[in-house]
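The structure under discussion appears below in the form of structure tokens.
Protein chains get the first letters and strands the later ones, always in sequence-line order, with residue 1 at the start of each.
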Protein chains: 4
Amino acid sequence: MILSLDPHSEVPIYQQIRDRVVEAVAAGELVAGSPLPSTRQLATDLGINFHTVNKSYDLLRSEGLLVLNRRSGALVQRDPGTGPPAAGFTEQWRTRLRTLLAEAVAQGVDGPAALDACAATLASFALPAPLAPPAQSAQPAQSAPAQGETR
Amino acid sequence: MILSLDPHSEVPIYQQIRDRVVEAVAAGELVAGSPLPSTRQLATDLGINFHTVNKSYDLLRSEGLLVLNRRSGALVQRDPGTGPPAAGFTEQWRTRLRTLLAEAVAQGVDGPAALDACAATLASFALPAPLAPPAQSAQPAQSAPAQGETR
Amino acid sequence: MILSLDPHSEVPIYQQIRDRVVEAVAAGELVAGSPLPSTRQLATDLGINFHTVNKSYDLLRSEGLLVLNRRSGALVQRDPGTGPPAAGFTEQWRTRLRTLLAEAVAQGVDGPAALDACAATLASFALPAPLAPPAQSAQPAQSAPAQGETR
Amino acid sequence: MILSLDPHSEVPIYQQIRDRVVEAVAAGELVAGSPLPSTRQLATDLGINFHTVNKSYDLLRSEGLLVLNRRSGALVQRDPGTGPPAAGFTEQWRTRLRTLLAEAVAQGVDGPAALDACAATLASFALPAPLAPPAQSAQPAQSAPAQGETR
DNA sequence: GTGGTCTAGACCACC
DNA sequence: GTGGTCTAGACCACA
């Protein structure tokens, strides 16, 4: 679990951590049962306050992606494509998607180009194969990770 | 220009206003030259302080979507699909897109469904649809220069 | 970071602050990573309202010169001569330059004298000069992509 | 005297008029004694309020570029390169020049390129020849006038 | 402690 | 009438 933060980003650190975990789950790099580092461990690794990591994990738990307990630490709970999205999630997600796409269109990205970007990103999630089969992944990870979140 | 806000939302009011305007521009409901209500007018209509509207308009101006002056009030400056996405815009937009799509995938939306959502949203922008006849135009895609802003 | 304002000037206070910062960046007194005083700190130092400083910093951020966040405060983002002048910047800058030079010529400054003034000012930016030794560097000339054009 | 305004510019109309006149004087298109249209005439030509033109002329008069009287209307008073700049002009002009150049440098324009721009602009003022001698002017008038002023 | 948001009221510049 | 500037005070989110 490599996790790089941008300390100068406008995106809160706890949000950046959360975003990276979500992306790792979507990409299949983290699957149900995968352990995450302890809050204190990750905090020292990243050179940040452990309360911040705590907040990230708590957020992920509230989104149903993590289970936390004293014994086993933090474990990923969901796999990509598993189960139905929680009630109400889809609507608010679509709203945010609409805003994000509108932004691109308004700035001059044309429709097909925007759709291509969506397809490419989704494709990068589709065939992850963490470390089980040989994995014939065509174009796995986008480069340039930074300051995510749609706000 | 109907514009509804959620006063309880996490997202700041000025941001919500900005988002609605961006969507309206993307959807072609607002085109270059379209006037927006005056800051004070919109503020009273929405029951908020005029400084908040001011901030929205200022943000939109910095994104190159609005021109403001004391004579003609606030006017939309860009058309959807017009001009090049300003340098640097595309990268940070893709990062945000990746995070947003990851969120859906992680929550159990499968790839094709997510892509459908993107396509549907983009299609809803493709139609000009101010209130003229249906018009089957596939995609606008002007050429034209511009003068964006990376923010 | 000494910063003197003229409260009786026509130019808004927030604009004066912004101008001083821009000049300091151009002169190399502020480089990427340099911290600026906190908004409230600078406000009390200058005897003005913190919202006014806020607006200055916000403007500088929108110009890509500053990054702001709750952790590290305000940090300079660009170095002089670094990166490309954003699309559209050069044209509107040239227009303003033309007006300013015309003003001098119309007031009786002759061409060579005006050009000398430009050269002298630019030379004063060329020296890094934070407060290290004199350093006889003639001109820095970073990478800087094209954009020449005499029109 | 063609004089095009941008009604959507952020620059006040009276300022735009003033800027165009200053540039015409610098370029030698207007010389001492040249008449300007009457305020009412110019106002109707431009489709604006005559008070606005009045303000422009008044500003130009206060800058010593125009003389106004009831009989002869508005007459240009100065030639480019004529006489010394009024006391105090040079200092405040240099301040504005410094700010303008700093802006370019901070945005990534390198020193030589900026100086070239200055030289080119000044050269365009140098050889005007309004309509007296045959005029061998190589490149008299810039095109694209718009939204001037250094603020 | 930092920056960010929202409210509020005053005054100014422009047209 | 419009937008713009400045002041002021309150509260929140982040670290």
Side-chain angles (χ1 to χ4, degrees), chain A residues 5 7 9-17 43 46-56 59 151, chain B residues 5 7 9-17 35-43 46-59 61 66-75, chain C residues 5 7 9-17 35-43 46-59 61 66-75, chain D residues 5 7 9-17 43 46-56 59 151:
Chain A
L5 300 181
S9 166
E10 305 199 352
V11 180
I13 290 180
Y14 81 95
Q15 181 71 271
Q16 294 185 48
I17 297 175
L46 297 174
I48 60 178
N49 192 297
F50 96 93
H51 287 111
T52 305
V53 179
N54 233 328
K55 186 162 184 176
S56 303
L59 179 54
R151 192 173 355 169
Chain B
L5 300 180
S9 167
E10 296 271 285
V11 32
I13 294 177
Y14 82 94
Q15 182 74 28
Q16 293 185 47
I17 298 175
L36 259 57
S38 79
T39 49
R40 281 158 173 97
Q41 182 61 49
L42 185 53
L46 297 175
I48 60 176
N49 190 284
F50 99 91
H51 285 114
T52 305
V53 179
N54 221 334
K55 184 160 187 176
S56 302
Y57 281 12
D58 209 53
L59 178 54
R61 172 175 58 180
L66 234 54
V67 281
L68 303 175
N69 63 52
R70 293 161 172 123
R71 299 177 285 285
S72 36
L75 299 179
Chain C
L5 299 180
S9 167
E10 296 271 284
V11 31
I13 294 178
Y14 82 93
Q15 182 75 30
Q16 293 185 47
I17 297 176
L36 259 57
S38 79
T39 49
R40 282 159 173 95
Q41 182 60 49
L42 185 52
L46 297 175
I48 60 176
N49 191 283
F50 100 91
H51 285 115
T52 305
V53 178
N54 221 332
K55 186 160 185 177
S56 303
Y57 281 13
D58 209 52
L59 177 54
R61 172 175 57 180
L66 235 54
V67 282
L68 303 175
N69 63 51
R70 293 163 173 120
R71 299 178 285 286
S72 37
L75 298 179
Chain D
L5 300 179
S9 165
E10 305 199 351
V11 181
I13 290 180
Y14 83 93
Q15 182 72 270
Q16 293 186 48
I17 297 176
L46 297 174
I48 59 177
N49 192 296
F50 96 95
H51 287 110
T52 305
V53 179
N54 231 330
K55 184 160 185 177
S56 303
L59 178 54
R151 193 178 351 169

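Within 4.0 Å (heavy atoms only), B:Asn49 reaches at least one base atom of the nucleic acid. Within the nucleic acid shown, D:Ile13 comes within 4.0 Å of sugar-phosphate atoms alone, with no base atom in reach, counting heavy atoms only. Nucleic acid contact class of C:His51 (heavy atoms, under 4.0 Å, all strands): base.
Contact between the side-chain N/O atoms of D:Tyr14 and the OP1/OP2 oxygens of E:dC14 is found at a separation under 4.0 Å. The side chain of C:Arg61 contributes an N or O atom lying less than 4.0 Å from OP1 or OP2 of E:dG4. For C:Lys55 and F:dC6, the shortest distance from a side-chain N or O to OP1 or OP2 is not below 4.0 Å. Dashed line: the shortest gap from a side-chain N or O of B:Arg71 to OP1 or OP2 of E:dC15 is under 4.0 Å. Put simply, B:Asn54 has a side-chain N or O that comes within less than 4.0 Å of OP1 or OP2 on F:dG4. Between B:Thr52 and E:dC6 there is no side-chain N or O to OP1 or OP2 distance below 4.0 Å.
With rounding to whole Å, C:Tyr57 atom OH is found 11 Å from E:dG4 atom P. Straight-line distance from the CD1 atom of C:Ile17 to the C1' atom of F:dT7: 14 Å, rounded to whole Å. Straight-line distance from the CG atom of B:Leu66 to the P atom of F:dG3: 10 Å, rounded to whole Å. Atoms CG (C:Asp58) and P (F:dC6) sit 14 Å apart, rounded to a whole Å. Look at CZ on B:Arg70: it is 6 Å from C1' on F:dG3, rounded to the nearest Å. Distance A:Leu5 CG to F:dC14 C1': 14 Å, rounded to the nearest Å. As a whole-Å value, the separation of B:Leu36 CG from F:dT2 P is 14 Å. Rounded to whole Å, atom P of E:dC14 lies 12 Å from atom CD of D:Gln16.
Using a 4.5 Å heavy-atom cutoff, the side chains of C:Gln15 and C:Leu59 are in contact. Contact annotation: the side chain of A:Ile13 approaches that of A:Leu5 to within less than 4.5 Å [non-hydrogen atoms, C-beta and beyond]. Within the 4.5 Å cutoff, the side chain of C:Tyr57 has heavy atoms near those of the C:Pro37 side chain. With a 4.5 Å cut-off on side-chain heavy atoms, C:Ile17 and C:Ile48 count as touching.
In this structure, of E:dG3, E:dC6, F:dT2, it is E:dG3 that holds the atom nearest to the side chain of C:Ser38. Looking at the side chain of B:Leu68, the nearest of the listed nucleotides F:dC6, F:dG4, E:dG4 is F:dG4.
A donor-acceptor contact under 3.5 Å is not formed by the side chain of B:Arg40 with the base of F:dG1.
Residue whose closest nucleotide on DNA chain E sits further toward the 5' end, between C:Gln41 and B:Phe50: C:Gln41. With the nearest nucleotide of DNA chain F identified for both C:Ile48 and B:Thr39, B:Thr39 has the one nearer the 5' end.
Minimum heavy-atom separation, B:Asn69 to B:Arg71: OD1-N, 2.9 Å.
When both distances must be under 3.5 Å, the Watson-Crick or G-U wobble mate of E:dC14 is F:dG1.
In this structure a side-chain-to-backbone donor-acceptor pair under 3.5 Å is present from C:Gln16 to C:Val11.
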